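Dropping the structure in here first, questions after.
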Amino acid sequence: MGKYSSFSRPRQKPRDRGVHPLMRGIGCIMMFVVPIFAYGSSVLVVGYAVKQGWPIPAEWFGPPTIPPLLLKVQGLQPILYWLQGQINLEAYLFFTAVITGVVGVVMILLYGYIYTIFGPSRYGPLDAPPVRKKFKEYKR
């Protein structure tokens with residue numbers, strides 16, 4: 001053993017395990033479940049909106065218009081003809097995006113609230129406590 005070498009072994013850092021696999025699975029499922037739920041809900045919302053007379057642009061109703069030049073592409077013809085057969089597709093897609101956004105915001109707020117309740121404390125054992133004011137604020 002030399003003069004400047006150490007006998008002790010270096011400590012191993014604790015392994016960061018990352019996100020729990022269950023949480024990754026739930027996130028993956030939600031990526032598919034929320035838009036499908038939103039599309040189904042948008043079909044109901046558009047039907048209700050038509051009955052109630054909501055101000056929805058008239059261009060959104062009926063089959064979507066596809067440029068004739070795009071219809072000449074051989075590989076896309078079956079898909080484009082299927083899309084032209086869909087009625088009110090533009091209205092459904094708009095409300096799907098809106099409902100997906102609303103559900104996403106609600107889930108973010110709910111997750112944040114639950115994390116503040118059950119998550120780790122804000123300050124660790126080595127953090128300094130928050131600064132406390134010892135004087136009154138100046139008022140005119």
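All values reported here derive from a predicted model rather than from experimental measurement.
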Might you point out which heavy atoms bring A49 and I56 nearest each other, and give the distance in Å? CB-CD1, 3.5 Å
Indicate if Y92 and V98 have the same hydrophobic cluster label, given that clusters are the connected sets of ILVMFWY residues with side-chain heavy-atom separations under 4.5 angstrom. yes
Go through the structure and list residues passing side chain to side chain contact (heavy atoms under 4.5 Å, CB included) with Y115, not counting sequence neighbours. Y111, P120
Got a sec, which pairs hit ring-ring contact (aromatic ring centres under 6.0 Å, His included) with one end in residues 52-91, sequence neighbours left out?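 As it turns out, the ring-ring contact (aromatic ring centres under 6.0 Å, His included) pairs with a partner in residues 52-91, which skip direct neighbours, are Y48-W54, W60-F94.
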How close do M107 and M30 get, heavy atom to heavy atom, and via which atoms? CE-CE, 3.6 Å
Side-chain heavy atoms under 4.5 Å apart, restricted to Ile/Leu/Val/Met/Phe/Trp/Tyr: what other residues fall into the cluster of I117, or is it alone?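 Its cluster mates, by chain and number, are L110, Y113, I114, F118.
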Return yes when atom CG of L69 has more than 12 non-hydrogen atoms of other residues, nucleotides or ligands closer than 6.0 Å, and no otherwise. no
Following the transitive rule for hydrophobic clusters with a side-chain heavy-atom cut-off under 4.5 Å over Ile, Leu, Val, Met, Phe, Trp and Tyr, establish whether L44 and Y39 coincide in one cluster. no
Nearest 0.5 Å please: distance from the CG atom of L83 over to the OG1 atom of T65.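 Spacing of CG (L83) from OG1 (T65) equals 11.5 Å.
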Are L89 and Q84 close enough that some pair of their side-chain heavy atoms sits under 4.5 Å apart? no
Minimum heavy-atom distance between S42 and T96, given as atom pair plus value: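 Heavy atoms only, the tightest pair is OG-OG1, 3.1 Å.
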ILVMFWY cluster, I99 and I36 together (side-chain gap under 4.5 Å): no
Rounded at 0.5 Å granularity, tell me how far CG in L80 sits from CG in L71. 5.5 Å
